[in-house]
Structure formats: C-alpha cells, structure tokens
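Take a look at the structure set out below.
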Amino acid sequence: IGKGFIKNQNVKGDGIIPEDIAFMDQPARQIKIDSCSKTGMPVRHAHVLPTPWNLWDGYAPSIELSKDTFVWYGSEGVIGQWCDYVR
C-alpha cells in the first residue's frame with residue numbers, strides 16, 4: 001500500500017468507485033453484479049488501472065491487473081448479467 005493510501009475494509013464497491021456513490025437515484029435502474037456466472041470470482045470495475053499518461057494519450061498502456069483474483073465488467077461470464085439492461 002502506497003504512502004497516503006488508506007485501506008478501509010468497510011468500503012464496498014468495484015475497486016474504483018465506492019458503492020455508496022456509484023448509483024443514480026430512482027427512477028434510474030440500479031444494477032449490481034457481485035460475481036461472475038462462470039468463475040464465481042468477484043467483479044471489479046476494470047481489468048486495468050488507468051495511469052496519468054492516459055490523460056494525454058488514450059492509447060498509452062495502463063497497468064494490467066491480475067486475472068487470478070477477479071474479473072471485470074467486460075468478462076465473458078459478466079456481460080450477460082448486464083447487457084440486457086442496455087437499450
């Protein structure tokens with residue numbers, strides 16, 4: 001954990017956005033996906049962490065995260081859980 005980073009086990013979310021601010025108020029539909037239907041692994045916001053370089057160059061490489069501990073919203077066993085809500 002880097003200097004200045006506070007780890008709080010009570011904060012729930014997808015790894016980037018805390019759950020208590022992630023959802024819009026009603027009448028917006030709130031879709032929460034906890035685990036992958038294929039692997040059972042937890043679902044996180046993305047499979048990469050953006051870097052400051054992405055602000056200047058959208059094609060700059062991001063930091064790839066381990067595929068052994070979670071899947072992301074674009075993973076095969078996750079897309080089917082939310083794609084029907086997109087119109």
Side-chain angles (χ1 to χ4, degrees):
I1 297 177
K3 185 178 179 182
F5 182 82
I6 299 171
K7 186 173 182 178
N8 185 339
Q9 296 294 333
N10 297 322
V11 175
K12 295 186 185 295
D14 62 10
I16 293 180
I17 307 297
E19 189 175 299
D20 60 347
I21 65 168
F23 296 108
M24 293 172 54
D25 293 332
Q26 298 294 336
R29 185 173 293 169
Q30 298 178 355
I31 303 166
K32 183 179 175 195
I33 301 170
D34 291 316
S35 61
C36 176
S37 62
K38 287 188 150 213
T39 64
M41 292 195 302
V43 177
R44 295 292 181 251
H45 186 83
H47 65 296
V48 296
L49 286 176
T51 66
W53 299 279
N54 298 125
L55 295 172
W56 293 283
D57 177 4
Y59 295 101
S62 297
I63 300 169
E64 254 191 80
L65 301 173
S66 170
K67 296 175 182 148
D68 298 331
T69 56
F70 67 88
V71 294
W72 72 291
Y73 292 129
S75 297
E76 186 177 342
V78 181
I79 290 177
Q81 296 182 57
W82 61 262
C83 70
D84 291 335
Y85 297 101
V86 179
R87 293 183 190 161

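No hydrogens, no waters, no symmetry mates; every other heavy atom, side chains included, goes into these values.
Sorted by first and then second residue, the side-chain hydrogen bond (donor to acceptor under 3.5 Å, both in side chains) pairs involving residues 21-34 (not counting sequence neighbours) are Glu19-Lys32.
A continuous path of hydrophobic side-chain contacts links Phe70 to Ile63 [ILVMFWY only; heavy atoms under 4.5 Å]. Placement of Tyr59 and Trp56 in two distinct hydrophobic clusters is found when ILVMFWY residues are connected by side-chain heavy-atom separations under 4.5 Å, directly or transitively. Tyr85 and Met24 fall into different hydrophobic clusters, where Ile, Leu, Val, Met, Phe, Trp and Tyr are joined by side-chain heavy atoms under 4.5 Å apart, directly or via other members.
Among residues two or more places apart in sequence or in another chain, the side-chain contact (heavy atoms from CB on, under 4.5 Å) test is passed with Ile33 by Ile31, Val43, Val78, Gln81, Trp82. In this view, Asp57 satisfies the salt bridge (Lys or Arg N to Asp or Glu O under 4.0 Å) rule with no residue, not counting sequence neighbours.
When every heavy atom of Cys36 is checked against every heavy atom of Gly77, the shortest pair comes out as SG-CA, 3.5 Å. Met41 and Val71 make their closest contact through CE-CG1, 3.4 Å (heavy atoms, listed as atom of the first residue, atom of the second, distance).
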